[in-house]
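Order of the sequence lines sets the chain letters (A, B, ...), proteins ahead of strands, with each chain counted from 1. From a predicted model like this one, the values you see are computed outputs, not experimental measurements.
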Protein chains: 2
Amino acid sequence: MITLKDISIKVGKSITTVSRALNGYDDVSQETKKMIQGAAEEMGYRPNIIAQRLQKQKTDTIGFIIPTFGPRFSDPFFSEFLAGVGNMASDLGFDLLVSTQPPGEKEYKAYHKMMGDRRVDGFIIVRTRRNDERINDLLKQDFPFAVFGRIEDRNDFSYVDEDGVYGMRQIADHLVSLGHTRIGCIAPDPELMFAATRLEGLKSGLAAHDIQLNGSMHKVGDLTQKGGYLQAKAIMSDPNPPTAIVACNDLMALGAISAAQDLGLEVGRDVSITGFDDIPLAEYTHPSLTTVHQPIYQIGGMVCEMLIKTILGQELEQKHILLKPSLIIRESSGKNNR
Amino acid sequence: MITLKDISIKVGKSITTVSRALNGYDDVSQETKKMIQGAAEEMGYRPNIIAQRLQKQKTDTIGFIIPTFGPRFSDPFFSEFLAGVGNMASDLGFDLLVSTQPPGEKEYKAYHKMMGDRRVDGFIIVRTRRNDERINDLLKQDFPFAVFGRIEDRNDFSYVDEDGVYGMRQIADHLVSLGHTRIGCIAPDPELMFAATRLEGLKSGLAAHDIQLNGSMHKVGDLTQKGGYLQAKAIMSDPNPPTAIVACNDLMALGAISAAQDLGLEVGRDVSITGFDDIPLAEYTHPSLTTVHQPIYQIGGMVCEMLIKTILGQELEQKHILLKPSLIIRESSGKNNR
DNA sequence: TGAAATAATCTAAACGTTTCGGATATAAAT
DNA sequence: ATTTATATCCGAAACGTTTAGATTATTTCA
């Protein structure tokens, strides 16, 4: 492999001069600069990034520890988000280091290890929890990070989030406009901030129409299709079942649809079901899923860009970005011919 | 940050001795070894991995460039595979570098860049193509890699693959046993090896029962739900439509189910539809999907382990692993009460 | 003409490891 | 009493960069 030294020998200049020529410093004469750049090109020189990192004391790498339960994890949200983060990172010359860890002790260990080993310059955080130990830790250690989501009470960090309250109000308005009054809900663990936000949005949206969310109509699901399926069955087994089920994410909504169909109901006629996220699958299910759209790929890119700017010490034009999601009305909430 | 030098000053030994003590060399007395290890522990020493990498001329990092079209990529296959790779890599002390690139020129560039910059010690390759330029290149450059999938004619590299022919024969036998004779198929671009293999399996499986796959019954889909939906509609619009549709992956099968349902058909009674992969969603759709299961998470781990062993120069007990997938019979191929 | 400014280049140290080849001291063997 | 072996340890170089500061040569200005 070609090094600066090789070039310096070839052109008869010092390593310093070669380095400075290649980095465009202006204390190298135009002539030698050209000469050195030519030689480097010709010899196929590629800087050794590890040596650069050692010298610069930077890793040019960001970390993304995906919080996921169990090996059979296959949330479309993550693949799309990951693509957004990864492509932005590579555009900005950063590497992306990923691993997966179930939320909890092992996860915190993973963060500490990555920091202790100075393996990354910063973190991408998703799926925030009410009182998020990851964020508290990172803040305490003054380690750079950027977040998709918010947390309970502090906001002294950069984040992008979707306005879940707004999104759920759209859903509430839509369902009410279809005539529903008994409405069930499948929400994830309320420790998850986005669950809390969406639930709050639903409640306030319904309250605006003087509708309450009854306790037995409100179940906790694990965000998977299976969770949605099981909880929907539980809800529908109520002696006086709701006419609409609001799931807090698409995957659970799809499970709920299956459950309703298994019970012999026609979704969109006998019962309305809605999701949240608008994953690509939502459009091609039967019936297609009424849901709330958010641009996950772009969000991944935005969070990544925020993080990298933070790492580079650049000013952020906006530290907090709140996106308005949009309601996508499809068939699962009510047939067109209704 | 604590360095070897700091420790060496503290304990009054040379940097060399400290390094060797910490790495368990036996030319350091038990006594000093203990002492140094104690001091290191107490001072919270963490080796600087970048310095180690520079010195060792290794990156301890593997690369995974996910071949994906477009930003709205959300194939559950990848998230699960990624988790398998990532966790195995971290168990073995390696970092995992990921990026996404659409197959083609930009993708090859990405490989060359990662190699040229010596950013990784090896690659994970998936979704092999008939004549895979990635693999040819990597072989030519003698750069380590391990593959999920095979290619057309050479096999002088390590891979794990599922026996797609076997899997599809299971499907064929199953469908024939249900009485089907007119069978349609949605396969991906035949450039993709797994598509070719599965298609071959289906054809040979049907041929064993003297059934041919008619040209107009055989469509090419893009692996997404949408692709399955569109191609299924095309197939079913035939004046003499098939009674069963075999999709070469689950996502397309789900799309096909939606299409059939949109046409007013009851899947599992009026038409049988099967998938391949057994993604987590398959179990909780309505009807649930008959498909072929393969342990994607484990495969990710296996491929990763193969790669790392190759990098470390360790002997592989098996260079080629071919897994027998298993047929999972659910509702979409035919109701139990049939 | 001499001092000061500028341009072009270089030396050497630094980043934090690992490791080769001694060096020293003690113990064992002749 | 000299050699030989063994156990401990250390100096220095190496990995490939970047950069602070010094040096030299050239130009500019008074």
(request) Assess the pair Phe143(B) and Phe123(B): is the distance between their ring centroids shorter than 6.0 Å? (result) yes
(message) Measuring centre to centre across the rings, with the benzene-like ring taken for any Trp, is Phe81(B) within less than 6.0 Å of Phe148(B)?
(response) yes
Under 3.5 Å donor-acceptor, [X] side chain and [Y] backbone:
| X | Y | result |
| --- | --- | --- |
| Asp132(A) | Arg129(A) | yes |
| Lys33(A) | Tyr25(A) | yes |
| Asp117(B) | Arg119(B) | no |
| Thr59(A) | Asp121(A) | yes |

(message) Using every non-hydrogen atom in the two residues, find where Ser99(A) and Met114(A) come nearest and quote the distance to one decimal.
(response) OG-CE, 4.4 Å
(message) Looking at Thr17(B), I'd like to know whether one of its side-chain N or O atoms comes within less than 4.0 Å of OP1 or OP2 on dC9(D).
(response) no
(request) Kindly determine whether Asp156(B) and Arg154(B) satisfy salt bridge (Lys or Arg N to Asp or Glu O under 4.0 Å), including the steps that lead there. (result) CA-CA 6 Å; Asp156(B) 43 343; Arg154(B) 39 198 318 193; 3.0 Å; yes
(message) Using the rule side-chain contact (heavy atoms from CB on, under 4.5 Å), only one of Leu22(B), Ile15(B), Thr16(B) pairs with Val18(B); which is it?
(response) Leu22(B)
(request) Indicate yes or no: does Asp60(B) engage Lys58(B) in a salt bridge with an N to O separation below 4.0 Å. (result) no
(message) I need a per-nucleotide contact map over nucleotides 14-21 of chain D, read 5' to 3'. Cutoff is protein heavy atoms under 4.0 Å; write B for the base, S for backbone only, - otherwise.
(response) BBBBBBB-
(request) Can you sort out which residues in residues 29-37 of chain B have a heavy atom within less than 4.0 Å of DNA chain C? Ascending by number, please. (result) none
Hey, what are the protein-to-nucleotides 22-27 of chain D N/O distances that come in under 3.5 Å?
none

(request) For Ile50(B) and dA14(C), give me the distance from atom CD1 to atom C1', rounded to whole Å. (result) 15 Å
(message) Just the rounded figure in Å: distance from P of dT19(C) to CG of Leu22(B).
(response) 13 Å
